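Side chains included, hydrogens not; waters and symmetry mates left out as well; all remaining heavy atoms used. Below, chain A is the first sequence line, B the second, and so on; all start at residue 1. Everything numeric here is computed off the predicted structure, so don't read it as measured data.
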Amino acid sequence: MTRRSGIITLTSDFGTRDAYVGAMKGVICSILPSARIVDITHEIRPQKVLEAAILLEAAYCWFPPGTVHVVVVDPGVGTKRRPLAVEADGQLFVGPDNGVLSAPLSGKRVRAHEITETSYELPYRSDTFHGRDVFAPAAGHLASGIEVDRLGADISGFVLLDLPKPVVKDDRIVGEILRTDRFGNAISNIPRSLLSRIGPGGYEVVASGQSFGKLRRRFQDVAEGESLPLTGGTGRIEIAVNGGSAAERWGLQAGDPIEIKPLSSDDRDA
Amino acid sequence: MTRRSGIITLTSDFGTRDAYVGAMKGVICSILPSARIVDITHEIRPQKVLEAAILLEAAYCWFPPGTVHVVVVDPGVGTKRRPLAVEADGQLFVGPDNGVLSAPLSGKRVRAHEITETSYELPYRSDTFHGRDVFAPAAGHLASGIEVDRLGADISGFVLLDLPKPVVKDDRIVGEILRTDRFGNAISNIPRSLLSRIGPGGYEVVASGQSFGKLRRRFQDVAEGESLPLTGGTGRIEIAVNGGSAAERWGLQAGDPIEIKPLSSDDRDA
Amino acid sequence: MTRRSGIITLTSDFGTRDAYVGAMKGVICSILPSARIVDITHEIRPQKVLEAAILLEAAYCWFPPGTVHVVVVDPGVGTKRRPLAVEADGQLFVGPDNGVLSAPLSGKRVRAHEITETSYELPYRSDTFHGRDVFAPAAGHLASGIEVDRLGADISGFVLLDLPKPVVKDDRIVGEILRTDRFGNAISNIPRSLLSRIGPGGYEVVASGQSFGKLRRRFQDVAEGESLPLTGGTGRIEIAVNGGSAAERWGLQAGDPIEIKPLSSDDRDA
């Protein structure tokens, strides 16, 4: 049994100007008035499942064991796509079986259950808003201590998105830009931990065919307004501008290629 | 006496980039540090009282009994418009007497009181920010267990907005678009429950003079990119595009007419 | 010893569409699962330290004693700028030593400590995201009851921004516009309390060289659509339009000069 932290996080594409998120919070509070609800983001672009999966991956690991994470980006609502309750990594997750939960589902010791037990749903399940009618109530019950297997039978064959993975080829790491953040940093899928695979230190980063020079540690390793590659807050290699926006300056965007190779010894001395 | 859930919801037009909402939350926490504050939205367009009333109506019913709902869209702040504390439907509400509370005030067993008891306000009441000086403290005290009648005398003749109501005419339901949401769904004021009044099933929906065909259950009942009418997450009939924005494609907006009529038997077979 | 309210506020330039704020909240909840986290704003413009300092000043004083305020606008992250933990005014603050904490640091009975004790940080401190690795953990520990002096040695010589101060010259108060809010009100740095210094009543306000006439009490003291100066929700003199946006109509913005002088007796009668 996993203990519960009493914390429920929300990630969705509902935005913050409609009543959808409020309704979900109301349903959660009705089941567990003591719930501490934490918004991750509601600014996922409408129906962008992969974007939600990437956001969840970046956020969930920082929460205490027994936290329930609700992810609702659900273009297939009302169809036969299954609603899921998952336990993985000591945490709990609910969301549609469309790949939004790919990160935890790719982990070890995953228990995945289809939510079918109607006594843990709202009395009336609409065809268009399972965030409120299915996922919020499931989250409230899980956070109250209910086990995932109470919500329905265990399943396999769930949808796993092909989260783009970096590849080590000879002495290079080849990856891609995953997203650009509010500051205009262009964040790749290459974790810093992979660098040791291509050498002991001193790396050059090329994105969209252009060299951004030597991998740096801090924004301030270059002058104000200069571009640089560095390890960002997500632990992944990113292209940034010290005091500016790399996305704007260089037009970098999700899907653009990025490559890391050892610095030649000449450059290392430079 | 209504028991209290310890939850306070906030709805306003303050946005999220200024310190106004933070100040209100600080005042609430100073009165009741254990309060669990839930934002419904702060993105009501500036001074759009009707929009706030509609949002509140869509959100409040999902919260547990004894929740306190604060609504501050208050173009008349500093004038003689009265500050209200209301108990209705097992829940509590505070806000200006300008119609923002029309939904709960239109219900049954309503207790409405003017907030006049200065010991439940901040020591200094400004002329421009009653959200902080009057409504937040009232909410904190109500959530602490104070009864509405302690805040001031009961009143009647409060402002009720003419929330646009659908009308059944012969075999048609005539209503209007209430708002468009983040996805571009154009949501009407016609609840699904009204459909039985015009026949047992099979309905055609016309909005702004154009037919959107047969009322559907799910987005996926039409091909990707196609338009359709369906019952949205709010329980009301809306015009949508599967995977797109009806508001953008058709220019639908609040106030546009919408009409529902039985399908002819020919169409029903189609 | 300061008691703790269990409340932690967050102010940053991270926006709400990335996972940065979620990661900070996760770290806080991991240290203190019972923390009640309140967002002030995450919409500070990227790296605008002064804007964050002004927002914090407007918000923190409304919270109960023993609240922990986290402010992360941190263009110097990864450099030698010091991370601070501050106790002032009965409240606690964490953030970089770049001026974001200028308001509390300018107060009385300030205890300022550099955060150096690594046992109160995350095990791995990145060079690019101290919000998560240093400030969030420090906040969690402070809210748990740890004293500021446990985090590191006390320091002096911290950075204080020159928060623009109004000046009384002869019979005039000269200040500047600090910011414009969501409604388009142009808020100055002149507190209402300063008015008595130039006379007993009746004031004229000039901004950017243009007279906005007599200082008013309420928006409704002028006709709908008319401009006016009044005391805003922050307690400071501002230029507003009743039912409109002064920033849009007059192009007022941060830094613009504003001046208040006694009304001539002619105008007072008008």
Side-chain angles (χ1 to χ4, degrees), chain A residues 6-8 10 12-39 41-49 72-81 96 98 122-137 140, chain B residues 3-11 13 15-16 34 36-45 51-52 54-67 69 91 179-185 187 192 216-221 224 230-236 238 240 242-245:
Chain A
I7 297 160
I8 295 175
L10 303 182
S12 81
D13 61 354
F14 290 137
T16 52
R17 65 181 196 83
D18 299 310
Y20 301 126
V21 174
M24 285 181 64
K25 291 178 175 175
V27 168
I28 289 171
C29 291
S30 293
I31 291 166
L32 183 65
S34 66
R36 291 184 301 291
I37 300 173
V38 171
D39 296 302
T41 184
H42 299 289
E43 306 300 324
I44 302 292
R45 285 171 299 156
Q47 313 191 336
K48 297 292 184 188
V49 172
V72 188
V73 176
D74 194 10
V77 61
T79 64
K80 293 191 176 188
R81 72 95 190 87
N98 62 9
L122 292 197
Y124 171 75
R125 181 206 271 216
S126 74
D127 288 311
T128 47
F129 191 10
H130 288 187
R132 177 194 63 203
D133 305 338
V134 178
F135 299 120
Chain B
R3 64 190 172 88
R4 301 296 189 255
S5 69
I7 297 160
I8 296 175
T9 82
L10 304 182
T11 300
D13 62 354
T16 52
S34 67
R36 289 184 301 291
I37 301 173
V38 172
D39 297 301
I40 302 296
T41 184
H42 299 289
E43 305 301 325
I44 301 291
R45 284 172 299 157
E51 190 177 320
I54 291 170
L55 252 288
L56 177 68
E57 184 181 27
Y60 84 81
C61 55
W62 302 102
F63 283 84
T67 296
H69 303 277
Q91 309 225 23
R179 63 187 264 112
T180 57
D181 69 10
R182 189 197 188 203
F183 301 95
N185 302 320
I187 305 166
R192 184 173 180 79
R216 310 283 186 161
R217 281 189 61 189
R218 312 175 179 84
F219 293 101
Q220 295 76 14
D221 289 338
E224 176 102 16
L230 83 175
T231 309
T234 61
R236 294 165 187 246
E238 65 188 34
N242 181 14
S245 164

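- If you measure heavy-atom distances from A:Asp39 to chain B, you find no contacts under 4.5 Å at all.
- In summary, of the residues considered (B:Glu51, B:His42, B:Arg179), a side-chain contact (heavy atoms from CB on, under 4.5 Å) with A:Arg17 occurs for B:Arg179 alone.
- Interface remark: A:Ala136 contributes no atoms to any contact with chain B (heavy atom separation under 4.5 Å).
- For a residue to count as touching a neighbouring chain, one of its non-hydrogen atoms must lie under 4.5 Å from one of that chain's; by this rule B:Leu230 touches chain A with the side chain only.
- If you measure heavy-atom distances from A:Val21 to chain B, you find no contacts under 4.5 Å at all.
- Residue A:Ser126 does not touch chain B at all, counting heavy-atom pairs closer than 4.5 Å.
- Only the side chain of A:Leu122 comes within contact range of chain B, with at least one heavy atom under 4.5 Å from a heavy atom of that chain.
- Interface summary for chain B: among A:Arg36, A:Gln47, A:His130, A:Met24, the most heavy-atom pairs under 4.5 angstrom belong to A:Gln47.
- In this structure, the portions of B:Arg217 lying under 4.5 Å from any heavy atom of chain A include both its backbone and its side chain.
- Annotation for A:Pro46 and B:Phe183: closest pair CB-CD2, 3.8 Å, computed over non-hydrogen atoms.
- For B:Ile44, no part sits under 4.5 Å from any heavy atom of chain A, backbone or side chain.
- Counting heavy-atom pairs closer than 4.5 Å to chain B, the top residue among A:Asp133, A:Ile28, A:Val77 is A:Val77.
- At a 4.5 Å heavy-atom cutoff, the contact between A:Pro33 and chain B is made by backbone and side-chain atoms alike.
- Closest non-hydrogen pair, A:Thr128 versus B:Thr231, comes out as OG1-O, 3.1 Å.
- By number of non-hydrogen pairs under 4.5 angstrom with chain A, the leading residue of B:Glu43, B:Gln220, B:Arg45, B:Glu57 is B:Gln220.
- Annotation for B:Leu55 and A:Asp18: closest pair CD1-C, 3.6 Å, computed over non-hydrogen atoms.
- When each of A:Asp13, A:Ile37, A:Ile31 is scored by its heavy-atom pairs under 4.5 Å with chain B, the top score falls to A:Asp13.
- In terms of heavy-atom proximity, B:Phe63 sits nearest to A:Ser30 at C-OG, 3.5 Å.
- Residue B:Thr9 holds its OG1 atom at 10.5 Å from NZ of A:Lys25, rounded to the nearest 0.5 Å.
- Here B:Gly243 is the residue among B:Ala59, B:Gly243, B:Ser34 with the most heavy-atom pairs under 4.5 Å with chain A.
- Interface residue A:Tyr20: only side-chain heavy atoms are found under 4.5 Å from chain B.
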